[in-house]
Amino acid sequence: QVQLVESGGGSVQSGGSGRLSCAISGATSSSYSMGWFRQAPGQEREGVAGINSIGITNYADSVKGRFTISQDSAKKTLYLQMNSLKPEDTAMYYCAVGEGWRSWSLLLQALQYNYWGQGTQVTVAS
């Protein structure tokens with residue numbers, strides 16, 4: 001059973017930076033796609049960034065140029081570097097893992113992912 005544990009959330013001033021981490025355990029497949037999603041109160045969960053098993057990435061338009069998704073295979077950790085944070089980035093952030101390869105166009109779709117973390121809160125103060 002794949003387990004995901006996010007960390008790195010907290011409060012930050014507008015314009016600031018932060019990095020989220022997602023520790024992955026129990027993964028046995030040779031191919032995974034991974035992503036970051038977020039959900040603000042009263043809003044639907046949205047895909048923020050995704051990366052597939054060959055390193056292709058996709059980003060939501062709202063975070064392009066500010067957020068970077070990366071992975072450390074040796075540490076079995078997924079990261080989300082967030083720069084130039086805005087109040088509208090405030091949300092609960094979740095990491096997700098899907099078994100198998102996903103094309104670029106599918107990486108921001110929640111239904112493509114089998115496993116989810118419990119979430120970490122990011123609050124950006126104006």
Compare all side-chain heavy atoms of [X] with those of [Y] and state whether any distance is below 4.5 angstrom.
X      : Y      : answer
Leu107 : Gln112 : no
Glu46  : Gln39  : no
Val12  : Thr123 : no

Could you state the interatomic distance from [atom1] ([X]) to [atom2] ([Y]), rounded to the nearest 0.5 Å?
X      : Y     : atom1 : atom2 : value
Lys76  : Leu4  : NZ    : CG    : 12.5 Å
Gln109 : Asn58 : CD    : CG    : 10.0 Å
Ser84  : Arg66 : OG    : CZ    : 7.0 Å
Phe37  : Tyr93 : CZ    : OH    : 13.0 Å
Ser126 : Lys86 : OG    : NZ    : 14.0 Å
Leu85  : Ser11 : CG    : OG    : 11.5 Å

Consider only side-chain heavy atoms of I, L, V, M, F, W and Y, link residues closer than 4.5 Å, and tell whether [X] and [Y] are in one cluster.
X      : Y      : result
Val97  : Trp116 : no
Met92  : Phe67  : no
Leu106 : Ile51  : no
Tyr79  : Val122 : no
Ile69  : Tyr115 : yes

For [Y], is there any backbone N or O sitting under 3.5 Å from a side-chain donor or acceptor partner on [X]?
X     : Y      : answer
Asn83 : Ser17  : no
Glu6  : Gln118 : yes
Thr90 : Val124 : yes

Point to revise | Residue of the set Val48, Leu80, Ile24, Leu78 for which side chain to side chain contact (heavy atoms under 4.5 Å, CB included) holds with Cys95 | key: Leu78
Practice item. Using side chain to side chain contact (heavy atoms under 4.5 Å, CB included) as the criterion, list what pairs up with Thr68, not counting sequence neighbours. Key: Tyr59, Gln81
**Study point:** Salt bridge flag under 4.0 Å for residues Lys64 and Asp61
**Key:** yes
Check your understanding: With a 6.0 Å cut-off on ring centres, are Trp101 and Tyr32 close enough?
Key -> no
Revision key, fill the gap. When every non-hydrogen atom of Ser31 is compared with those of Ser53, the smallest separation belongs to OG-OG, 3.3 Å
Exercise for review: Search all heavy atoms of Ser14 against all heavy atoms of Pro87 and return the closest pair with its distance.
Suggested key: OG-CD, 3.7 Å
Review point. Counting only heavy atoms not in Leu111, do more than 12 sit closer than 6.0 Å to its CG atom?
Key: no
Exercise for review: Kindly indicate, with the supporting measurements, whether the criterion side-chain contact (heavy atoms from CB on, under 4.5 Å) is fulfilled by Tyr94 and Arg45.
Suggested key: CA-CA 9 Å; Tyr94 301 88; Arg45 187 171 297 191; 3.6 Å; yes
Practice item. Check step by step if side chain to side chain donor-acceptor pair (under 3.5 Å) holds for Asp72 and Thr77. Key: CA-CA 5 Å; Asp72 185 327; Thr77 303; over 6 Å; no
Review point. Yes or no on side-chain contact (heavy atoms from CB on, under 4.5 Å) for Asn52 and Met34, after CA distance, side-chain angles and deciding distance?
Key: CA-CA 6 Å; Asn52 68 12; Met34 294 173 280; over 6 Å; no
